4 protein chains.
Amino acid sequence: MPTDTDRLSALPRPQPRKKKLSREEKAQLTLRNLLEAAAAIVGEHGYAATTIANVTREAGVAHGTFYNYFEDRQALFDVLLPYVGERMTDYITASLAGVGGGLEREVARFRAYCGYLRVNPGFYRILYEAEVFAPKAFDAHIERLTEGYVRAFRRAIAAGDCYEMGDEELRAIAGILLGARAYVAMQFKDTGVIPETAIAAYESLMKQGLFKAK
Amino acid sequence: MPTDTDRLSALPRPQPRKKKLSREEKAQLTLRNLLEAAAAIVGEHGYAATTIANVTREAGVAHGTFYNYFEDRQALFDVLLPYVGERMTDYITASLAGVGGGLEREVARFRAYCGYLRVNPGFYRILYEAEVFAPKAFDAHIERLTEGYVRAFRRAIAAGDCYEMGDEELRAIAGILLGARAYVAMQFKDTGVIPETAIAAYESLMKQGLFKAK
Amino acid sequence: MPTDTDRLSALPRPQPRKKKLSREEKAQLTLRNLLEAAAAIVGEHGYAATTIANVTREAGVAHGTFYNYFEDRQALFDVLLPYVGERMTDYITASLAGVGGGLEREVARFRAYCGYLRVNPGFYRILYEAEVFAPKAFDAHIERLTEGYVRAFRRAIAAGDCYEMGDEELRAIAGILLGARAYVAMQFKDTGVIPETAIAAYESLMKQGLFKAK
Amino acid sequence: MPTDTDRLSALPRPQPRKKKLSREEKAQLTLRNLLEAAAAIVGEHGYAATTIANVTREAGVAHGTFYNYFEDRQALFDVLLPYVGERMTDYITASLAGVGGGLEREVARFRAYCGYLRVNPGFYRILYEAEVFAPKAFDAHIERLTEGYVRAFRRAIAAGDCYEMGDEELRAIAGILLGARAYVAMQFKDTGVIPETAIAAYESLMKQGLFKAK
DNA sequence: GATGAATGAGTGTTCATTCAT
DNA sequence: CATGAATGAACACTCATTCAT
């Protein structure tokens with residue numbers, strides 16, 4: 001069954017200018033419609049409220065068509081976070097182009113994440129409910145971000161911007177920063193406003209810690 | 001309907017000297033049984049798998065008895081996190097008795113939290129799935145912890161252990177620390193081992209931040 | 001079990017002026033409260049919505065107390081229409097005191113029925129839903145009214161006011177008049193207004209029939 | 001949801017010449033089966049005893065299939081009386097073909113109604129319990145019959161067979177006749193025998209009224 | 001006789017999944 | 001491949017009735 005993540009990266013490809021879509025192109029379009037429908041519904045109402053009937057109705061296809069693209073409902077859930085998660089990291093990567101290193105870059109990353117959430121508020125539910133409804137995808141997502149963080153830290157250490165640490169510690173730090181990000185996002189999920197005080201507090205913590213040396 | 005949190009705190013009451021339990025005492029016991037059963041099931045299998053039939057079977061009462069104590073399933077969910085959350089904070093408070101202030105105390109708090117999770121692994125799911133299944137209880141729990149953190153920081157600032165900050169920043173910091181705690185817990189939820197490297201990384205972050213001053 | 005109709009007629013008896021009620025008086029009061037509560041609930045929401053819990057709550061007694069007065073829910077239903085039906089016929093009988101005979105009296109009866117319904121709108125549901133929920137009581141009520149009608153017709157015939165008819169025909173006529181009454185009541189159950197055109201039409205029908213002789 | 005009455009009239013459609021039923025034809029057949037099953041059960045045991053499980057078992061379909069055709073149980077109830085009511089009026093209309101006008105026609109109508117009930121004894125419960133379980137359908141049914149009556153009276157008046165009356169009075173008369181019909185039906189619902197005395201009494205009432213002019 | 005907690009059978013409704021067309 | 005009707009297991013919730021206190 002064609003539910004692997006691999007297939008996702010080959011998905012939409014800005015359609016050429018032909019009018020008639022080939023059979024495979026139509027299939028890709030249907031898959032895309034299903035995923036976008038699922039993203040919209042999960043983002044707004046959560047995984048639990050995301051029924052096959054809802055998704056197919058939103059996607060404009062027949063109920064049974066769903067099962068031509070996904071083994072079952074869980075397969076959709078397992079693939080949804082990778083699908084939207086990639087867009088999120090792409091956005092952040094793009095936002096960081098040209099930004100310096102060390103603290104400045106980390107704060108920019110934090111800010112970019114907040115900005116993404118403001119424009120894509122549904123991403124919050126897709127991500128954080130995934131821990132319950134698509135735990136494997138959630139773990140993979142976290143693992144992917146953690147590894148990205150570790151690489152970034154390695155570069156920052158090499159550049160002398162960051163304190164020396166071993167890989168295990170770096171992974172722990174990455175987890176801490178991801179958690180920080182998540183909870184700050186949670187706090188402003190209702191308002192939708194980027195919380196400047198939170199960003200300032202985050203920056204201060206990154207820069208000097210919380211407690212004075214004795 | 002008797003599902004308010006208030007009633008919970010009045011729950012067990014070391015029984016008076018009668019052998020036979022009075023009607024009210026038996027009712028309190030039944031409520032306790034239902035809550036403990038729910039905590040066990042949610043902790044192990046999550047809210048979604050927590051059916052009324054499961055809970056009542058585990059509690060040793062009839063199916064319908066559930067509805068003498070809770071308006072509906074959601075009412076149970078709404079009350080479960082307060083019920084177990086109070087035990088968690090009590091445990092941490094007790095663990096901190098006699099511990100000094102500032103960094104040392106914060107690290108001890110982090111360690112105590114990890115220790116509580118190791119002994120009560122179910123708490124993790126009860127807490128973190130609550131964001132999905134009992135959002136109000138979740139928000140209230142976070143708010144309670146945040147306020148506790150802000151008070152602790154205020155004391156640390158007064159003692160000169162902690163950098164000066166306004167209330168808004170303190171709340172942001174509290175959120176960051178709660179998030180850090182959550183994600184570290186998540187990372188070792190499967191192994192159940194206290195992650196000493198994570199504690200060391202946490203301590204280092206609290207002490208000096210992550211990035212060197214230029 | 002004490003649910004027979006006989007007991008009803010011995011019910012409340014304007015209480016004497018004693019302060020302390022004797023045991024039996026208290027029991028009679030409770031029975032009365034249960035019946036009035038049931039009448040209020042059935043009248044407003046129908047038999048189907050009339051649960052034991054509702055009735056006892058409205059009557060201000062414990063749930064289990066119900067079963068000291070009625071064998072089961074059906075026993076209450078079986079006794080409710082006799083209870084309120086007697087009040088209705090008493091009212092109509094009183095309204096007819098001093099009214100002449102023949103057509104005039106029948107029209108006054110019709111009018112009195114409409115008047116009773118306006119003041120006791122709940123009676124409509126208690127009566128007409130009884131066909132479904134308390135069929136025996138309903139049949140008995142209809143039989144009682146039918147017999148009353150037959151006696152009245154006999155008197156009218158004896159007085160020369162009414163065409164001659166045998167008992168079977170009189171019973172049929174009684175049914176027709178009861179049905180007419182019911183449907184007219186139904187038509188104005190929402191408005192609550194006495195429908196003068198309907199009364200006029202009824203009178204005309206009683207007086208000359210509907211179709212001209214050829 | 002396809003529960004509108006409109007769809008009902010389009011139901012059976014003498015099947016085209018295919019042997020295999022098309023998908024839509026099978027769906028129509030399923031809907032028919034559900035309605036006939038419901039009519040049988042409601043007619044025999046009443047709405048209250050009509051469970052989804054009963055209906056689907058009788059119709060020979062799976063429990064869940066019911067919800068492909070009706071939003072919920074109430075939607076079935078709301079559509080049942082229109083479904084059978086149309087058959088009843090068709091029968092009566094057919095019975096009146098060639099019958100004269102005025103009194104003769106009205107008596108024939110009454111007789112036809114009794115005849116329909118004898119052959120379709122379930123109709124009685126479907127109709128008269130509808131006041132409780134499907135009040136909107138009941139009101140609509142009554143309104144439809146009332147309008148039919150008013151039209152018939154208008155014709156009779158034009159033909160000089162019937163006393164002059166305004167529309168409001170005609171509606172009242174229609175209600176009276178419907179009520180009469182209902183109560184007479186009720187009186188012989190158990191025996192199933194057409195009550196010739198009742199028909200004679202009805203005719204006499206229509207012809208000359210009940211009370212002699214003074 | 002009053003109380004109200006406990007009981008459990010019964011029912012409506014949902015929805016993922018299948019499969020004939 | 002697309003369709004959408006059929007399926008049936010599951011589940012939440014109700015409520016009349018019982019009975020120990």
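Chain A is the first sequence line, chain B the second, and so forth, proteins listed ahead of strands; every chain is numbered from 1. Because only heavy atoms are used, hydrogens play no part in the values below, and waters and symmetry mates are left out as well, while side chains stay in. Every value quoted in this text rests on a predicted model; they were computed, and no experiment measured them.
- Residue D:Q74 contributes atom CD, which lies 12 Å from atom P of E:dG12 at whole-angstrom precision.
- In this structure, the side chains of D:L34 and D:V55 come closer than 4.5 Å at one or more pairs of heavy atoms.
- Residue D:Y67 has no polar side-chain atom (N or O) positioned under 4.0 Å from OP1 or OP2 of F:dA5.
- With F:dA16, E:dG12, E:dT17 as the candidates, the nucleotide lying closest to the side chain of A:R73 is E:dT17.
- When all heavy atoms of A:Y47 and A:I126 are compared, the pair lying nearest together is OH-O, 2.7 Å.
- One can find a donor-acceptor pair under 3.5 Å joining the base of E:dT3 and the side-chain atoms of B:R23.
- The CZ atom of A:R57 sits 12 Å away from the C1' atom of E:dC15 (whole-angstrom rounding).
- Protein atom CG of D:N54 is 11 Å distant from nucleotide atom C1' of E:dG10, rounded to whole Å.
- The nearest whole Å value for the distance from the CZ atom in A:F70 to the P atom in F:dA2 is 12 Å.
- Rounded to whole angstrom, the span from the CD1 atom of C:I41 across to the C1' atom of F:dC15 amounts to 14 Å.
- Looking only at side-chain heavy atoms (C-beta outward), A:T50 and A:F77 come within less than 4.5 Å of each other.
- Distance from the side chain of C:D72 is smallest to F:dT17 among F:dT17, F:dC13, E:dG12.
- Residue side chain C:H63 does not reach the base of E:dT3 through any donor-acceptor N/O pair under 3.5 Å, judged by distance alone.
- Between B:Q28 atom CD and E:dA5 atom P the separation is 12 Å, expressed in whole Å.
- When the nucleotides E:dG4, E:dT17, F:dC1 are ranked by their closest atom to the side chain of C:A62, E:dG4 comes out on top.
- In this structure, the side chain of D:T56 engages the main chain of D:I52 through a donor-acceptor pair within 3.5 Å.
- The distance between atom CG of A:N33 and atom P of F:dT3, rounded to the nearest whole Å, is 11 Å.
- The interatomic distance linking B:E71 (CD) with F:dT14 (C1') rounds to 12 Å, in whole Å.
- Across F:dT17, E:dG1, F:dA6, the shortest atom-to-atom separation from the side chain of C:Y69 is found for E:dG1.
- The 5' end of DNA chain E is approached more closely, in terms of each residue's nearest nucleotide, by B:G64 than by the other of A:A53 and B:G64.
- Heavy-atom distances to DNA chain F give each of A:F66 and B:T65 a nearest nucleotide, and the one nearer the 5′ end belongs to A:F66.
- Comparing C:T50 and A:G60 along DNA chain F, the residue whose closest nucleotide (by nearest heavy atom) sits nearer the 5' end is A:G60.
- Residues C:E36 and C:Y83 meet the side-chain proximity criterion, which asks for heavy atoms closer than 4.5 Å.
- For the pair A:R73 (side chain) and A:T51 (backbone), a donor-acceptor distance under 3.5 Å is absent.
- Between B:T51 and the phosphate of F:dA10, there is no side-chain N or O to OP1/OP2 separation shorter than 4.0 Å.
- Stem analysis of DNA chain E (Watson-Crick or G-U pairs, both distances under 3.5 Å, runs of at least three) returns E:2-21 with F:2-21.
- Candidate nucleotides F:dT21, E:dA16, F:dA16 were compared by shortest atom distance to the side chain of C:I52, and F:dA16 ranks first.
- Between the base of F:dA5 and the side chain of D:N68 there is no donor-acceptor pair shorter than 3.5 Å.
- Considering all non-hydrogen atoms of both residues, D:A49 and D:N54 come closest at O-ND2, 3.0 Å.
- Annotation: side chain of D:Y128 is not in contact with side chain of C:V132 (no heavy-atom distance under 4.5 Å).
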